[in-house]
Novice: 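Below is a structure I'd like to ask you about.
Numbers restart at 1 for each chain; the letters A, B, ... are given by sequence-line order, proteins then strands. Note that the structure is predicted; figures quoted are calculated from it, not measured.
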There are 2 protein chains.
Amino acid sequence: MDTQWLSREELATWVRLLTVVELLPSRLDTQLRRDSALTHFDYYVLAMLSEAPERTLRMTALAERTAATLARLSHVVQRLEGRGLVERFPCPQDKRATNARLTATGWAKVQEAAPGHVRTARQLVIDALTPEQIAQLHEITEAVLARLDPEGKRASLHRHYD
Amino acid sequence: MDTQWLSREELATWVRLLTVVELLPSRLDTQLRRDSALTHFDYYVLAMLSEAPERTLRMTALAERTAATLARLSHVVQRLEGRGLVERFPCPQDKRATNARLTATGWAKVQEAAPGHVRTARQLVIDALTPEQIAQLHEITEAVLARLDPEGKRASLHRHYD
DNA sequence: CTCTAATAGTTGTAGCGACAACTAAAGGGA
DNA sequence: TCCCTTTAGTTGTCGCTACAACTATTAGAG
């Protein structure tokens with residue numbers, strides 16, 4: 001049971017990755033909060049609904065696409081419903097299930113927030129990388145996700161974009 | 001002011017990156033919480049202190065190495081002090097400043113937690129990648145950090161590992 | 001030698017997320 | 001049919017983080 005410590009190069013990379021993982025979410029939150037009064041997670045919930053048929057998804061499906069637990073999603077959707085951006089209604093086919101649907105106000109909100117968010121994504125990440133690096137990062141995140149979420153229980157989102 | 005939307009490849013990569021950024025911290029937290037009753041951030045604070053001369057750092061220096069705001073660090077160190085893992089004392093040279101020092105108990109805690117944490121880091125990320133991918137990820141995170149933290153105000157940590 | 005601005009750190013508060021406990025409905029034997 | 005398990009979702013609570021407001025000390029301009 002000897003510990004396999006990290007090599008110099010592995011450690012340097014690991015530390016940089018942690019720093020990115022630490023800083024990126026707060027940057028995204030800050031921009032969206034300031035410009036649209038949404039957290040980044042709020043935005044993603046709305047964005048996923050906006051791309052779904054009828055702008056409607058079951059809570060479980062929405063949770064997968066946003067890589068969230070059902071509990072967290074439930075809290076968030078409750079708040080979004082209170083703000084009139086989303087509405088919930090029981091699923092007719094399965095009485096256990098709940099559907100979440102984007103309201104007209106919610107749709108307008110996403111439309112308004114999207115350009116600024118994309119600009120931020122470019123500024124902070126995408127435009128900092130060469131096309132080759134984008135391709136490399138694609139492979140790298142793919143490999144890591146296979147470890148983080150082997151069965152794809154959470155985080156099915158990326159499969160919709162292949 | 002037309003929006004430069006993301007290409008198919010850019011979007012797929014961006015979504016994967018977001019998923020990693022969403023899932024990785026909670027995985028690290030879960031392991032450390034379960035095995036050592038520490039958050040990942042707690043662990044990093046203790047780890048940074050353990051590598052410093054005298055196992056002591058000024059709050060500002062510690063905040064940079066952990067990519068945290070001073071406010072956040074202050075709260076965390078307060079809690080760690082309450083648990084006897086860290087102690088604080090005023091800096092003699094600069095009466096505004098506070099030094100944080102790892103206690104013997106804190107040192108023991110890091111020693112105990114480190115192997116499990118490294119094993120997790122390998123399992124989830126490092127061992128999922130080839131040496132080439134590690135090198136690529138090093139470059140990629142470097143480029144992104146230059147955007148996230150241009151002046152290196154926060155996140156000076158990685159420079160200690162070059 | 002002031003007086004102002006910058007630096008160092010702390011604290012209060014509010015909001016979000018993790019975890020555990022819970023209800024309710026559907027599925028699946030025997 | 002009955003019972004047990006699984007699935008779907010909600011809710012309460014606690015702890016952590018962001019943000020803003022605050023104090024105290026130091027550095028720098030004039």
Novice: CZ of Arg58(B) versus P of dT7(C): gap in Å, rounded?
Specialist: 12 Å

Novice: Specify the residue among Asn99(B) and Thr30(B) whose closest nucleotide of DNA chain C lies further upstream toward the 5′ end.
Specialist: Asn99(B)

Novice: Do the side chain of Arg147(B) and the main chain of Gln123(A) share a donor and acceptor less than 3.5 angstrom apart?
Specialist: yes

Novice: Leu85(A) pairs by side-chain contact (heavy atoms from CB on, under 4.5 Å) with which of Val45(A), Asp42(A), Leu102(A), Leu38(A)?
Specialist: Leu38(A)

Novice: Shortest non-hydrogen contact from Thr39(B) to Leu32(B)?
Specialist: O-CD1, 4.2 Å

Novice: Can you find an N or O donor on one side and an acceptor on the other, under 3.5 Å apart, linking the side chain of His75(A) with the base of dG12(D)?
Specialist: yes

Novice: Which nucleotide in the list dC19(C), dA8(C), dT10(D) gets nearest to the side chain of Thr98(A)?
Specialist: dT10(D)

Novice: Without decimals, in angstroms, what is the distance between Asp42(A) CG and dG15(C) P?
Specialist: 13 Å

Novice: Rounded off to whole Å, could you give me the CG-to-C1' distance for the Leu70(B) and dA21(D) pair?
Specialist: 15 Å

Novice: Could you check how far OH of Tyr43(A) sits from P of dC16(C), rounded to whole Å?
Specialist: 19 Å

Novice: Which residue lies toward the 5' end of DNA chain C, Thr39(A) or Arg33(B), if each is placed at its nearest nucleotide?
Specialist: Thr39(A)

Novice: May I ask you to verify if any side-chain N or O of Arg79(B) is less than 4.0 angstrom from the OP1 or OP2 atom of dT17(D)?
Specialist: yes

Novice: Can you tell me the distance, in whole Å, between the CZ atom of Phe41(B) and the C1' atom of dG15(D)?
Specialist: 15 Å

Novice: Among Lys109(A), Glu112(A), His117(A), whose side-chain hydrogen bond (donor to acceptor under 3.5 Å, both in side chains) with Ser36(A) holds?
Specialist: Glu112(A)

Novice: dA18(D) P sits how many Å from Gln31(A) CD, rounded?
Specialist: 17 Å

Novice: By a strict heavy-atom criterion of less than 4.0 Å, which residues belonging to residues 83-97 of chain B are in contact with DNA chain C?
Specialist: Arg88(B), Arg96(B), Ala97(B)

Novice: Is a donor on one side and an acceptor on the other found under 3.5 Å between the side chain of Arg122(B) and the backbone of Gln4(A)?
Specialist: yes

Novice: Is there side-chain contact between Leu18(B) and Tyr44(A), with at least one heavy-atom pair below 4.5 Å?
Specialist: yes

Novice: What is the distance, to the nearest angstrom, from the CZ atom on Arg72(B) to the C1' atom on dG15(D)?
Specialist: 13 Å

Novice: Dump the intermediate steps for salt bridge (Lys or Arg N to Asp or Glu O under 4.0 Å) on Arg16(B) and Glu142(A), then the final yes or no.
Specialist: CA-CA 7 Å; Arg16(B) 277 172 174 74; Glu142(A) 180 77 12; 2.5 Å; yes

Novice: Is the distance from OP1 or OP2 of dT11(C) to the nearest side-chain N or O of Gln78(B) less than 4.0 Å?
Specialist: yes

Novice: Could you tell me the separation between the CG atom of Leu38(A) and the P atom of dG15(C), rounded to a whole number of Å?
Specialist: 15 Å

